[in-house]
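Below is one structure; the comments refer to it alone.
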Number of protein chains: 2
Amino acid sequence: MVQYSPLDTTFAALSDPTRRAVLERLGRSDASISDLAGLFAMTLTGIKKHVGVLEEAGLVTTEKVGRVRTCRLGPRRLDEESHWIGGYQRMLEQRMDHLEAFLEETTETLP
Amino acid sequence: MVQYSPLDTTFAALSDPTRRAVLERLGRSDASISDLAGLFAMTLTGIKKHVGVLEEAGLVTTEKVGRVRTCRLGPRRLDEESHWIGGYQRMLEQRMDHLEAFLEETTETLP
DNA sequence: AGAATACTGAACCATATGGTTCAGTATATA
DNA sequence: TATATACTGAACCATATGGTTCAGTATTCT
């Protein structure tokens with residue numbers, strides 16, 4: 001490891017399709033562990049682990065009332081993540097531009 | 001696993017700080033396995049594995065000429081990834097708006 | 001030809017991940 | 001009070017991940 005970054009945790013959380021689906025589901029409305037377990041045909045324990053990972057990454061918060069734990073989105077907005085990706089894309093563009101300029105220059109030297 | 005998606009592979013590739021640093025380094029110029037190993041104080045084998053993961057995710061291509069393997073960026077631009085994140089952020093906004101509307105409505109009913 | 005360089009692959013290691021089962025605990029319902 | 005519901009935690013399992021070492025192979029340099 002080079003150094004710690006919240007990007008590590010978030011990208012890892014987003015790399016699992018079940019977890020992305022949980023986020024999308026929670027976008028429609030809050031849901032309990034049982035709701036999610038039913039929806040994704042998984043044990044309560046299994047879903048709880050996924051929710052734990054999302055919580056660790058700050059993408060989900062949970063609150064237990066009575067015997068039901070309700071999961072909702074937040075507080076992270078993925079701003080750092082989209083910023084990193086945006087920067088990467090701009091860098092790619094720049095490299096393309098340089099390559100293009102280089103190719104043009106090379107072509108000009110031909111008859 | 002719910003289903004396969006390229007997002008799985010890419011987000012997983014991006015979740016490691018060394019690999020993100022390799023991408024950033026390759027943004028400045030192409031580099032050999034040895035270059036990267038030196039830069040990140042890692043064995044050739046270790047770096048080769050990371051490059052393999054990036055290659056698998058389509059973020060890096062490599063070409064071996066003589067005994068040197070040169071790594072460069074491409075071909076993936078992270079368009080799907082930024083699209084997913086963008087959609088997530090828009091969904092979050094919407095939820096916020098609904099919550100806001102709900103709170104306003106509730107407030108109006110007070111004296 | 002001989003030596004140095006650059007990578008490669010197999011094997012190994014410790015830890016993490018994505019799941020399960022099973023035996024609880026706490027809460028709500030009849 | 002008894003029973004059903006909802007979750008929790010420990011233990012386990014198979015596989016993946018992030019590294020290493022070591023013994024090659026292929027190229028290049030002297």
Side-chain angles (χ1 to χ4, degrees), chain A residues 1-26 29-72, chain B residues 1-26 29-72:
Chain A
M1 290 264 189
V2 168
Q3 62 174 340
Y4 171 76
S5 161
L7 294 179
D8 296 11
T9 316
T10 322
F11 280 137
L14 295 180
S15 73
D16 185 278
T18 301
R19 285 194 294 261
R20 287 196 307 275
V22 165
L23 291 178
E24 283 161 4
R25 169 61 186 78
L26 293 181
S29 77
D30 298 348
S32 70
I33 300 287
S34 294
D35 292 339
L36 298 172
L39 185 52
F40 298 107
M42 194 175 293
T43 58
L44 295 178
T45 312
I47 279 292
K48 177 106 190 305
K49 280 195 181 186
H50 280 304
V51 169
V53 171
L54 290 168
E55 219 171 346
E56 199 77 25
L59 298 170
V60 161
T61 55
T62 72
E63 186 192 8
K64 190 162 185 177
V65 174
R67 42 182 184 176
V68 176
R69 178 173 297 277
T70 302
C71 312
R72 61 173 47 83
Chain B
M1 291 265 190
V2 169
Q3 62 173 340
Y4 172 76
S5 159
L7 293 180
D8 297 11
T9 317
T10 322
F11 279 137
L14 294 180
S15 73
D16 184 278
T18 301
R19 284 193 293 262
R20 288 196 307 276
V22 165
L23 291 177
E24 284 162 2
R25 169 61 186 77
L26 293 181
S29 75
D30 299 347
S32 69
I33 300 287
S34 294
D35 291 340
L36 298 173
L39 186 52
F40 297 108
M42 194 175 293
T43 57
L44 294 178
T45 312
I47 279 293
K48 177 105 190 305
K49 279 194 181 185
H50 280 304
V51 168
V53 172
L54 291 168
E55 220 172 344
E56 199 78 25
L59 298 170
V60 160
T61 55
T62 71
E63 186 193 8
K64 191 163 186 178
V65 174
R67 46 184 182 175
V68 177
R69 178 173 299 276
T70 301
C71 312
R72 60 172 49 82

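Residue numbering restarts at 1 for every chain, and letters A, B, ... go by the order of the sequence lines. Below, all heavy atoms of this structure are taken into account, side chains as well, without hydrogens, waters or symmetry copies.
Atom C1' of nucleotide dA26(C) and atom CZ of Arg69(A) are separated by 12 Å, given to the nearest angstrom. The distance from atom CG of Asp35(B) to atom P of dT5(C) is 15 Å, rounded to the nearest whole Å. The distance from atom CD1 of Ile47(A) to atom C1' of dG18(C) is 11 Å, rounded to the nearest whole Å. For Lys64(A) and dT8(D), the NZ to C1' distance is 7 Å, given to the nearest whole Å. Between Met42(B) atom CE and dA6(C) atom P the separation is 19 Å, expressed in whole Å. For the pair Asp16(A) CG and dA16(D) P, the computed distance is 14 Å after rounding to whole Å. Note: CZ (Phe40(B)) to P (dG18(D)) measures 15 Å, nearest angstrom. As rounded to whole Å, 18 Å separates atom P of dA6(D) from atom CD of Glu63(A).
For the pair Arg20(B) (side chain) and Leu14(B) (backbone), a donor-acceptor distance under 3.5 Å is present.
In the set dG18(C), dG18(D), dT8(C), dG18(C) carries the atom at the smallest distance from any side-chain atom of Arg19(A).
Between atom CZ of residue Arg25(B) and atom CG of residue Asp35(B) there is a gap of 6.0 Å, rounded to the nearest 0.5 Å. Going from atom NE2 of His50(B) over to atom CG of Leu23(B) covers 11.5 Å, rounded to the nearest 0.5 Å. Of the inter-residue distances, the one linking Leu7(A) atom CG with Asp16(B) atom CG reads 11.5 Å to the nearest 0.5 angstrom. Going from atom CG of Leu54(A) over to atom OG1 of Thr10(A) covers 10.0 Å, rounded to the nearest 0.5 Å.
Closest non-hydrogen pair, Phe40(A) versus Ala21(A), comes out as CE2-CB, 3.4 Å.
Residues from residues 48-56 of chain A placing a heavy atom under 4.0 Å of any atom in DNA chain C, listed by number, are Lys49(A), His50(A).
With a 4.5 Å cut-off on side-chain heavy atoms, Val51(A) and Val60(A) count as touching.
Of the residues listed (Thr62(A), Leu44(A), Val68(A)), the one engaging Ser32(A) in a side chain to side chain contact (heavy atoms under 4.5 Å, CB included) is Val68(A), and it is the only one.
Among pairs with a residue in residues 54-72 of chain A, those fulfilling salt bridge (Lys or Arg N to Asp or Glu O under 4.0 Å) read Asp30(A)-Arg72(A), Glu63(A)-Arg72(A), at least two apart in sequence or across chains.
Mapping Ser15(A) and Thr70(B) onto DNA chain C by nearest heavy atom places Thr70(B) at the nucleotide closer to the 5' end.
At a threshold of 4.0 angstrom between heavy atoms, the contacts of Ile33(A) are confined to the sugar-phosphate backbone, with no base atom among them.
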Under 3.5 Å, which N/O atoms of the protein pair with N/O atoms of nucleotides 21-28 of chain D?
unit_1	atom_1	unit_2	atom_2	d
dT21(D)	O4	Thr45(B)	OG1	3.4
dT27(D)	O2	Arg67(B)	NH1	3.1

